[in-house]
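Source: prediction; values computed, not measured.
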Amino acid sequence: MVRIRRRWALGLLLGGVSATALGTSEPVLSRRRASTPVRRQSPPVEVENRAAGEPWWPPDGARAADDRRRQIQGYASTTSLAPGDSVDFHVAVNPAGRFRITVHRLGWYGGAGARTMLTSPDLDGTPQPVPPADPATGAIACRWPASWTLRVPEDWTSGLYQAVFTSADGWRACTPFVVRDDRRAAALCVVLPVTTWQAYNQWPRDRRAGKSLYNGYAANGRRDPALRAREVSFDRPYADAGQPTQFSRDHDAVQWLERNRYDISYATSFDLHSGRLDPARHRGLVFCGHDEYWSAEMRRAAEAGLAGGTSLAFLGANSVYWHIRVRPSADGRPERVVACAKATPDPDEDAAGPTVTWRGLDIPEQALIGVQYNGIVVTPQPLVVRSADHWVWAGTGVADGDRIPGVVGGEADGVHPATARPVAVGDTLLSASPYPAQQGGRRMQNTHVYETAGGAVVFATGTLRWTMALNRRGQRDERIERATANVLDQMIGRARADRPEPPDGTGSGTAGRPGGPAERD
């Protein structure tokens with residue numbers, strides 16, 4: 001039975017081991033993309049960013065809620081919705097009192113970083129319980145009543161939104177959600193990794209009750225992987241003030257994309273899983289942060305899109321690592337639970353196989369991405385350039401062996417020579433960066449690109465610090481920005497001469513670290 005399942009799953013891939021040796025390659029463009037002129041019009045996101053903006057979170061993070069006192073916290077009834085649809089916000093306030101919800105769209109907005117879309121009326125809030133974890137799965141699922149329902153106005157632009165909950169005495173927390181555009185096909189669709197956000201969510205981070213797919217708490221208050229949950233629910237807040245772990249990496253990419261006026265729309269992991277996001281409608285999908293947890297449905301959709309000519313950009317690292325199962329809530333609402341046993345036997349194993357690593361299913365992530373996770377970087381390291389004459393590096397001025405400081409960090413990917421590779425007509429290592437690994441010894445990070453016979457591009461940065469080099473004050477690097485623009489322009493068929501100047505006239509903007517509640521791992 002296992003052999004049948006693996007053979008079936010392998011048949012979903014675009015191919016096996018490539019006969020193309022690693023090395024420099026020229027871009028391969030389909031005739032359709034090379035010959036079709038691009039007439040530039042102002043896309044909705046560019047128009048939206050002309051509006052006046054303001055920070056969505058106080059710069060000093062004053063009065064951010066925490067999981068011990070739980071002054072104010074909440075969660076949304078869905079991870080994404082289209083204009084005209086409704087979302088419920090479930091909010092707890094301790095002690096009971098009045099509160100408001102402000103909804104902000106995150107973007108560029110001339111450097112302000114967000115636009116306030118609306119504010120709720122004053123609402124009554126009360127304390128709500130932390131439910132016990134499910135004894136079988138460890139899932140913590142709240143059943144708090146809905147505090148307020150928002151029907152998304154028809155004129156709201158697709159984007160990453162934050163609902164901010166503020167109590168009468170000034171305590172704040174937030175929860176993210178995405179507004180899709182199901183009517184218009186943007187050139188690029190940004191797929192936000194909500195499954196990974198929830199996998200890392202330790203709520204409540206109180207040293208007693210909280211659980212994630214990584215840890216539970218032992219009696220002494222220390223995190224214990226043996227006590228981790230096997231399932232996690234979206235019916236609960238994100239820990240402390242509500243910003244998911246690794247969220248700022250996604251926000252960096254969002255700001256850079258909007259500052260550089262790309263025609264983009266937004267979706268989530270669940271939209272790719274369910275089919276609400278059809279990759280064939282876009283020239284490229286951008287997976288901008290840490291995107292570790294993928295269902296079989298997500299992977300099938302991405303592979304089918306790539307086979308049909310849709311390009312893929314992975315701007316983080318350790319992507320498509322864990323195979324997950326998506327489940328409904330106990331009351332039947334779809335896409336509210338992520339299941340990942342991380343070991344066999346998996347008591348809920350189905351035809352897609354156990355919820356272990358994709359490598360454990362003999363379907364390594366490298367067969368899709370071109371590289372795969374190989375370690376945690378102890379301290380940030382320089383990215384060492386390779387194949388400097390490749391089109392990805394065009395206009396950056398780099399030479400082989402140049403070192404771009406601080407770009408390799410967090411987690412890293414590299415090429416595994418003995419592991420299945422994608423079938424490609426161009427397969428190129430763009431960096432070869434040694435780094436000290438937390439697992440011991442030194443390992444090699446690789447940024448990588450390959451092209452398919454159909455003209456699609458698959459690009460992988462191989463590091464979690466790439467988007468920081470796009471957007472963070474003190475960490476931005478023009479070479480990384482230019483290389484990223486080269487990749488995305490290639491995907492959408494935009495020549496450099498057609499690239500609009502960012503609205504601040506700097507060519508890259510002047511963003512600092514995105515505002516928001518402090519992240520803690």
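- Remark: side-chain polar atoms of Thr196 are paired, donor with acceptor, to backbone N or O of Glu292 under 3.5 angstrom.
- Under the ring-ring contact (aromatic ring centres under 6.0 Å, His included) criterion, His290 pairs with Tyr200, sequence neighbours left out.
- In Arg208, the CZ atom is not crowded: 12 or fewer heavy atoms of neighbouring residues, nucleotides or ligands sit closer than 6.0 Å.
- If you look at Trp466 and Phe459, their ring centroids are closer than 6.0 Å.
- Taking the six-membered ring where the residue is Trp, Phe314 and Phe287 present parallel rings, their angle staying beneath 30° rather than reaching 60°.
- The pair Arg151-Asp85 does not meet the salt-bridge criterion, since no charged nitrogen lies less than 4.0 angstrom from a carboxylate oxygen.
- The aromatic rings of Tyr238 and Phe234 lie perpendicular to each other, with more than 60° between the two planes, well past the 30° mark.
- Every side chain to side chain contact (heavy atoms under 4.5 Å, CB included) that Arg143 has, sequence neighbours left out, goes to Ala330.
- For the pair Pro345 and Pro347, the tightest heavy-atom approach, listed with the atom from each and the gap, is O-CD, 3.6 Å.
- In this structure, Thr467 contributes its side chain and Arg249 its backbone to a donor-acceptor pair below 3.5 Å.
- Salt bridge Asp182/Arg276: absent, no basic N to carboxylate O contact under 4.0 Å.
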Working for ring-ring contact (aromatic ring centres under 6.0 Å, His included), residues Phe89 and Phe99: CA-CA 12 Å; Phe89 297 106; Phe99 73 100; over 10 Å; no
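- In terms of modelled atom types and a separation under 3.5 Å, the side chain of Asn201 and the main chain of Pro237 share a donor-acceptor contact.
- Looking at Asp413, its side chain does come within 3.5 Å of a backbone N or O of Asn318 through a donor-acceptor pair.
- The salt bridge (charged side-chain N to carboxylate O under 4.0 Å, His left out) with Glu231 is formed by just one residue from the set Lys211, Arg336, Arg327; it is Arg327.
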Please walk me through it: do His104 and Thr116 pass side-chain hydrogen bond (donor to acceptor under 3.5 Å, both in side chains)? CA-CA 4 Å; His104 311 265; Thr116 302; 3.1 Å; yes
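- Aromatic pair Tyr75/Trp203: ring centres not closer than 6.0 Å.
- For His416, the ring-ring contact (aromatic ring centres under 6.0 Å, His included) criterion is met by no residue, not counting sequence neighbours.
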